[in-house]
There are 2 protein chains.
Amino acid sequence: MKQATTKDRILLSALDLFSQYGYEAVSVEQIAQAVGIKAPSLYKHYKSKQDIFDAIFVEMQRRYDEQTEKMNLHMTNASADQNRFSEIKADALVQEVQKLIGYSLHDEYISRFRRLMTIEQFRSRSISALYTHRYVNRFVLYHEKLFEGLIHAGVMKDGDIHSMALQYVCPVLICLSICDRQPELEMQTMAQIDAHIRQFLVAYQLNKEKM
Amino acid sequence: MKQATTKDRILLSALDLFSQYGYEAVSVEQIAQAVGIKAPSLYKHYKSKQDIFDAIFVEMQRRYDEQTEKMNLHMTNASADQNRFSEIKADALVQEVQKLIGYSLHDEYISRFRRLMTIEQFRSRSISALYTHRYVNRFVLYHEKLFEGLIHAGVMKDGDIHSMALQYVCPVLICLSICDRQPELEMQTMAQIDAHIRQFLVAYQLNKEKM
DNA sequence: GTCTATATCCAGATAGAC
DNA sequence: GTCTATCTGGATATAGAC
């Protein structure tokens, strides 16, 4: 575990500023100031302002891949997740989702990068597509598979799995976006996620006694 | 019905450019060029670039109020909506939602302003709050009231109305944001909204025969 | 109300000393 | 690897002719 280099600190400061004000609105001098150096010194680490922006994307892609790899280990056998779900203890499920959301909200790289993506999403096709994939479809697709298995296992009511996945995932995503925008609402938003998950289970969990 | 003045055309062009690239990234010269004049001419209509930005917000607030007033006339007696819903013909409901979404997507002011809000949402508290209210809470609150009435009328299953409203509204909002980002996905996204609404009715509509 | 010319300013980036 | 000094371009905005 090595300490953060100046190059790393520049990247994080730039990410912080870009994610709040947008790329164009932030000057190189501001970034340098946040790091505690003068603007020209910064050019020893990155060859241009655009270079810093690009480096942010490379770094976040690296972190994303790293994370995805871990998750794959955790669920190559997607059945593992299904087993966890098939008991569907509401309390445990809620806690797990909230833990993930909390991480996603408070990690200084992940949350800032998501905000950066949000405000730069209309600038290029590739960013648009990346946004939809990473912040919407990935979660929907995961839950489609999960629900498919749960229906097959007779734990969940049958239905259109894509719509069910949307109904489960989208409220969480919207709550996340609210917290990104208004961190002061985090507690009450978390409570809404709690209620949402429980209501979803009421609506879609198969009541075995009645079968 | 008077034709658009130069001042109006400046506002619309600026809105168009700001909504794609952000305020800072757009130059006054670009706006002028889009209108077909030179930058200095623009200062006869607005006293600064910031003044144009502010005028956009004033104009959109005016349009919003105008729209809201119409809707209030249409539903001061919220029961009117409940009556429409209480029959809940899926086809009609789907069509109505898709019509609203289509309008919201293709109106040259509304869609651009929503994109502008999206990319400027982190720059000030007031914009953040405005965003959450206008693009999330307004719809959730409306459907909470609606569902409350429908449950009371015995048309819909009982449950946590806030969560139910989230599950109905959020997938639509997410689909809208996808279309804002990737207009080429509009058709398939509309189909997803269709399926979502039908699935929601399956999950939450009370089956009267079984009562 | 539009233009050309111009003032002013500031940001990104480089040169070169230490 | 950091600094000061500086170059350069481009942006906002103004002045004043038509």
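Keep in mind that what you see is a predicted model, and the values were worked out from it rather than measured. These values consider heavy atoms only, across backbone and side chains, with no hydrogens, waters or symmetry-generated copies. Lettering follows sequence order; numbering is per chain, from 1.
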Any side-chain N or O of [X] less than 4.0 Å from the OP1 or OP2 oxygen of [N]?
X: A/Ser41; N: D/dG1; result: no
X: A/Ser27; N: C/dA11; result: no
X: B/Thr5; N: C/dG1; result: no

Are [X] and [Y] within salt-bridge range, i.e. N to O under 4.0 Å?
X: A/Arg198; Y: A/Asp91; result: yes
X: B/Glu24; Y: B/Lys49; result: no
X: A/Arg62; Y: A/Glu59; result: yes

NA contact type, B/Val26, heavy-atom cut-off 4.0 Å: base, sugar-phosphate, or nothing?
sugar-phosphate

Ring pair (Phe, Tyr, Trp, His ring centres under 6.0 Å) partners for B/Tyr135, two or more places apart:
B/Tyr131

Atom pairs, protein N/O to nucleotides 13-18 of chain D N/O, distance under 3.5 Å:
from, atom 1, to, atom 2, distance (Å)
D/dA13, OP2, B/Tyr43, OH, 3.1
D/dA13, OP2, B/Lys49, N, 2.8

Quick one: which of C/dT2, D/dT2, D/dT4 gets closest to the side chain of A/Lys38?
D/dT4

Give every donor-acceptor pair under 3.5 Å between a side-chain atom in residues 173-180 of chain B and any protein atom, sequence neighbours left out.
from, atom 1, to, atom 2, distance (Å)
B/Ser177, OG, B/Ile174, O, 2.7
B/Asp180, OD1, B/Arg114, NH2, 2.9
B/Asp180, OD2, B/Arg114, NE, 2.7
B/Asp180, OD2, B/Arg114, NH2, 3.4

May I ask you to decide if the ring planes of B/Phe147 and B/Tyr168 are parallel, tilted or perpendicular, using 30° and 60° as cut-offs?
perpendicular

